[in-house]
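Whatever order the structure lists them in is the order used to number ligands and atoms, beginning at 1. The first residue in the sequence is number 1, and the count goes up from there. Remember, predicted model here, so these are calculated numbers, not experimental data. Hydrogens, waters and symmetry mates play no part in the numbers below; they use all other heavy atoms, side chains included.
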Amino acid sequence: MRKKIVAGNWKMNKTGEEAIALAEGIKLDLADCVDMEVVVCPPFTAIKPVSDVLAETQVKVGSQNMSSDDDGAYTGEISHTMLKELFVTYVILGHSERREYHKETDCLVNKKVKKALEKNLRPIVCVGEKLEDRESGNTEKVVEEQVRGSLAGITADQFEDVVIAYEPVWAIGTGKTATTEQAQDVHAFIRGIVADMVGQEAADGVRIQYGGSMKPENAAELLSQPDIDGGLIGGAALEALSFVEIVKAGL
Ligand code: PGA
């Protein structure tokens with residue numbers, strides 16, 4: 001049985017003070033939530049205060065990115081050492097906004113995934129097609145390339161610590177959600193690729209989140225699909241009420 005995982009991706013939002021308030025709000029309802037994994041991913045500058053608020057709760061803290069390198073001369077980067085010191089357990093890698101605005105490639109994402117796993121951080125690896133890919137019938141081709149490229153060389157055992165987030169780029173922040181059927185189809189397709197890469201058992205165990213305008217109104221239906229094991233939430237994760245409602249919709 002795969003345990004569902006809902007993660008809030010706060011992106012470049014929330015000052016330290018605002019982040020504390022949001023974390024407090026989430027803590028109020030979800031501090032003891034054990035039936036689902038709940039993760040919040042604040043911007044780097046707010047990780048420390050959020051970790052402090054959520055210490056001794058079941059809510060975990062993640063980061064939105066991580067360097068593929070160890071500590072050293074990499075201006076502007078953040079290393080696994082620095083994140084682990086702040087009790088980060090998950091790292092979002094290869095988000096479409098990093099791929100688009102910072103030219104992250106599958107090859108770089110793959111290096112980051114390997115580094116994270118080597119250092120006992122759990123990667124949330126994002127994949128997803130753009131609108132033009134879907135309209136030209138290339139969704140599966142693009143998603144397969146990203147899954148195989150970003151997760152190349154990951155062993156069946158390592159897959160236990162990997163979460164894949166399927167986020168159709170056209171649904172991110174646009175209010176357009178993939179239909180339940182569209183999402184379920186791609187999730188099943190991704191599981192099939194993982195089975196081909198490392199075997200059916202690992203594929204049956206790997207958790208695949210849906211992301212892209214998930215909100216309280218559509219969460220229950222999406223989260224009830226056989227291959228949708230959680231959500232990666234952007235906009236609706238910026239308020240405790242809607243984030244908590246999404247989590248509850250999946251319980
Ligand atoms: P959204 O973002 O929920 O605002 O569409 C999701 C994401 O980018 O992770």
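The shortest side-chain heavy-atom distance between Glu129 and Val169 does not fall under the 4.5 Å cut-off.
Sorted by chain and number, the heavy-atom contacts of ligand 1 below 4.0 Å come from Asn9, Lys11, His95, Glu167, Ala171, Ile172, Gly173, Gly212, Ser213, Leu232, Ile233, Gly234, Gly235.
A salt bridge is defined here as a Lys NZ or Arg NE, NH1 or NH2 lying under 4.0 Å from an Asp or Glu carboxylate O, and Asp229 with Arg191 meets this definition.
The two residues Met36 and Gly250 have their closest heavy-atom pair at CE-C, 3.3 Å.
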Could you go through Asp106 and Arg99, starting from their C-alpha distance and side-chain angles, then the distance that decides it, and tell me whether this counts as salt bridge (Lys or Arg N to Asp or Glu O under 4.0 Å)? CA-CA 9 Å; Asp106 288 330; Arg99 292 176 185 266; 2.5 Å; yes
Take Lys4 and Glu37 through the salt bridge (Lys or Arg N to Asp or Glu O under 4.0 Å) test and state the conclusion after the steps. CA-CA 6 Å; Lys4 285 199 172 59; Glu37 257 190 289; over 6 Å; no
Show your reasoning for whether salt bridge (Lys or Arg N to Asp or Glu O under 4.0 Å) applies to Asp133 and Lys141. CA-CA 9 Å; Asp133 302 323; Lys141 178 174 169 285; over 6 Å; no
